[in-house]
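Shown next, in structure tokens, is the structure this report addresses.
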Amino acid sequence: MLIVNFILGLLPIIWLVISLCVMKWPGYRASLGALIISIVEAIAYFNFSVMDTLTSALEGFAAALWPIVIVIIAAVFTYNLCLSTGSIERIKLLLTSVTNDKRLLVVLIGWCFGGFMEGMAGFGTAVAIPASMLWGLGFDPITACLVCLVANATPTPFGSIGIPTVTLATNLGLQNNLISFATVCILSILIIITPFIMVMIIGKGVKAFKGIIPVLLISGFSFLIPELFVSYFVGAELTVVAGSVVSLFCTVFACMKLVNKDKIPEEYKIAVKKKPEHINLGDTLKALSPFILIFVVLLLTSKICAPINTFLGQFKTSIKISTYEGASTSSFSWINTPGVLIFICAIIGGFIQNSTIQDMVNVFISTLKQMAFTILTMLFILGTARVMQYSGMIAAVAAVFSVFGSIYPLFAPLLGALGTFVTGSGTSSSALFGSVQLSTAQTIGANPYWLVAANSLGVATGKMMAPQSIAIGLVSVNEAGKDGELLGKVVPYAVVFIVISMLICFFGQGLWALLGIA
């Protein structure tokens with residue numbers, strides 16, 4: 001019976017993989033099929049009432065629309081507005097003044113800037129905005145999405161000012177700084193190798209490392225070391241923000257000082273228009289204004305600035321949508337949510353760039369048309385996730401893993417990956433499986449901080465291949481509907497990440513014990 005429940009619990013996910021990768025269905029059709037399968041199973045096999053099932057799906061729809069869909073629309077609108085005003089060309093000129101080597105540009109934009117966006121906003125912005133910027137620089141759209149999905153993996157446990165890890169600490173009664181430090185430690189190998197993997201993707205093999213290995217090492221270690229210090233002495237909230245900012249400055253410096261622009265192979269050079277004699281500071285700031293505003297506003301409204309955060313946080317509505325007794329209450333922040341704030345910044349930036357109200361309305365309408373099928377995908381995926389969670393499908397899958405005893409740490413990251421693949425959210429995965437990891441650690445005598453951190457290790461892998469993340473990336477580069485193609489390209493890298501994660505989790509227990517921290 002345990003195995004039967006496991007298989008049936010996984011059935012919606014199995015369907016997603018088959019329909020996307022084998023049948024090549026677009027994301028919205030595949031996710032609709034997954035929703036239908038989960039609803040039928042919940043009612044017919046898992047004894048979930050019709051009302052509980054339907055209202056749970058409705059709760060998922062609401063969670064998809066706010067804050068996820070709104071932030072995706074805001075991110076794509078920002079890029080489209082900059083495209084319509086011609087600012088993207090100015091940004092392109094600025095970036096290529098640092099380096100015109102596409103191998104290094106993906107690290108600067110996808111890894112450093114993308115990590116910053118994940119740390120500040122999350123909810124898809126770290127894929128949508130960097131991918132659209134790379135596309136604007138002339139990168140192949142699918143490849144731009146792929147490298148950004150890979151880059152977004154390790155920052156996810158600390159996304160949106162550390163919400164996934166804060167959720168783990170709060171729900172499980174763990175110390176914020178210790179679980180944050182354990183998470184950075186368990187992610188450390190993946191953090192260091194991620195820039196190398198991104199360059200391999202762009203350069204189609206290890207030959208692409210030639211001449212830039214020192215820069216890639218600096219980029220990885222300058223991301224990791226601040227994360228270690230900040231996570232331990234401050235906590236989860238600023239971990240990725242600090243790592244990404246330090247890495248950005250160090251990587252820019254390394255690009256300019258350690259790489260000879262005259263020796264960059266032609267195949268890796270970005271084609272740019274003839275540069276002027278100097279880059280006008282005023283025009284550059286005008287072009288960057290939406291992104292500068294996003295940085296400043298998200299920083300000022302985050303928990304770092306507690307008075308502003310608290311004041312804006314009062315403008316919210318809490319409601320229990322699902323009729324299931326154990327369902328959580330849904331909260332909707334109407335102002336202090338990344339989507340709304342990014343929209344405000346984009347509009348102000350549009351005025352700075354001399355865009356008219358009519359221009360912005362036209363861009364907004366075209367953005368909605370561009371994203372129509374992606375919005376449906378988000379609705380169906382989150383609806384499926386809620387039905388699976390509340391009906392007991394997720395619990396049925398988790399029950400199988402807990403029987404492995406002392407070798408369970410080898411499989412612990414798989415639960416985190418599964419939770420994020422289904423929901424597209426590191427926070428949801430933490431809420432779904434954090435308690436499972438903690439109780440299993442107590443049962444088998446493993447270190448609770450290490451095993452709970454293993455959930456976040458799995459989150460990194462699950463995030464890069466989540467249908468939600470894939471759909472967000474594709475719509476940002478105007479390739480909506482090619483979900484199966486992108487998933488097929490990202491799966492090999494996800495497999496590498498999950499195998500490394502399993503080995504780290506199992507064999508790293510001893511090293512963590514030697515630290516004697518928790």
Side-chain angles (χ1 to χ4, degrees), residues 12-13 15-16 20 26-39 42 53-77 121-128 152 156 159-160 163-164 167 316-322 324 327-334 337-340 342-343 367-391 393-394 419-432 462-463 465-476 480-481 483:
I13 298 172
W15 161 257
L16 272 176
L20 288 172
Y28 74 95
R29 290 181 60 192
S31 54
L32 175 59
L35 176 61
I36 293 171
I37 291 170
S38 66
I39 288 174
T53 301
L54 295 179
T55 54
S56 295
L58 183 61
E59 180 183 313
F61 292 167
L65 286 172
W66 201 279
I68 298 172
V69 166
I70 185 68
V71 80
I72 303 167
I73 294 174
V76 177
F77 171 74
F123 297 108
T125 55
V127 175
N152 187 227
T156 296
S160 302
I163 287 177
T167 298
K316 66 179 181 180
T317 301
S318 297
I319 184 173
K320 194 170 186 292
I321 299 175
S322 173
Y324 170 56
S328 58
T329 299
S330 300
S331 293
F332 302 93
S333 295
W334 303 117
T337 189
V340 172
I342 291 172
F343 258 126
T367 300
L368 288 180
K369 291 178 180 178
Q370 176 186 350
M371 296 189 62
F373 289 126
T374 301
I375 293 171
L376 290 177
T377 301
M378 296 297 104
L379 292 173
F380 299 149
I381 286 291
L382 268 293
T384 301
R386 286 296 190 274
V387 173
M388 291 181 67
Q389 178 183 352
Y390 292 154
S391 68
M393 293 185 202
I394 295 292
T420 312
F421 178 82
V422 173
T423 65
S425 165
T427 304
S428 297
S429 182
S430 298
L432 283 173
K463 183 69 172 182
M465 58 179 179
Q468 175 182 310
S469 299
I470 288 172
I472 290 169
L474 288 171
V475 74
S476 70
D483 306 62

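Nothing here was measured: the structure is a model prediction, and the numbers come from that model.
- Between the Ser469 side chain and the Met465 main chain, no donor and acceptor come within less than 3.5 Å of each other.
- The side-chain hydrogen bond (donor to acceptor under 3.5 Å, both in side chains) test applied to Ser322 returns Ser56, not counting sequence neighbours.
- When all heavy atoms of Leu35 and Gly383 are compared, the pair lying nearest together is CD1-C, 3.7 Å.
- Annotation: the span from Leu32 atom CG to Phe380 atom CZ amounts to 4.5 Å, rounded to 0.5 Å.
- If you take CH2 on Trp15 and CD1 on Ile36, they are separated by 9.0 Å, rounding to the nearest 0.5 Å.
- We find the CG-OH distance between Leu379 and Tyr28 to be 14.0 Å, quoted to the nearest 0.5 Å.
- Under the rule for a side-chain hydrogen bond (donor to acceptor under 3.5 Å, both in side chains), the partners of Asn152 that lie at least two apart in sequence or sit in another chain are Glu118.
- Closest of all the heavy-atom pairs between Ala42 and Val387 is CB-CG1, 3.8 Å.
- Summarising the geometry, atom CD1 belonging to Ile13 is positioned 9.5 Å from atom OG1 belonging to Thr384; distances are rounded to the nearest 0.5 Å.
- Under the side chain to side chain contact (heavy atoms under 4.5 Å, CB included) criterion, Ser318 pairs with Thr329, Ser331, sequence neighbours left out.
- Looking at residues two or more places apart in sequence or on another chain, you find no side-chain hydrogen bond (donor to acceptor under 3.5 Å, both in side chains) involving Ser330.
- For NZ of Lys316, the number of neighbouring non-hydrogen atoms (other residues, nucleotides, ligands) closer than 6.0 Å is 12 at most.
- Smallest separation of non-hydrogen atoms from Met393 and Pro12: SD-CG, 4.2 Å.
- Here the side chains of Tyr324 and Thr55 are not in contact, with every heavy-atom distance at 4.5 Å or above.
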Show every donor-acceptor pair shorter than 3.5 Å between a side-chain atom in residues 58-77 and any protein atom, with sequence neighbours excluded, or say none if there are none.
| unit_1 | atom_1 | unit_2 | atom_2 | d |
| --- | --- | --- | --- | --- |
| Glu59 | OE2 | Arg386 | NE | 2.9 |
| Glu59 | OE2 | Tyr390 | OH | 2.7 |
| Trp66 | NE1 | Ser333 | O | 2.8 |

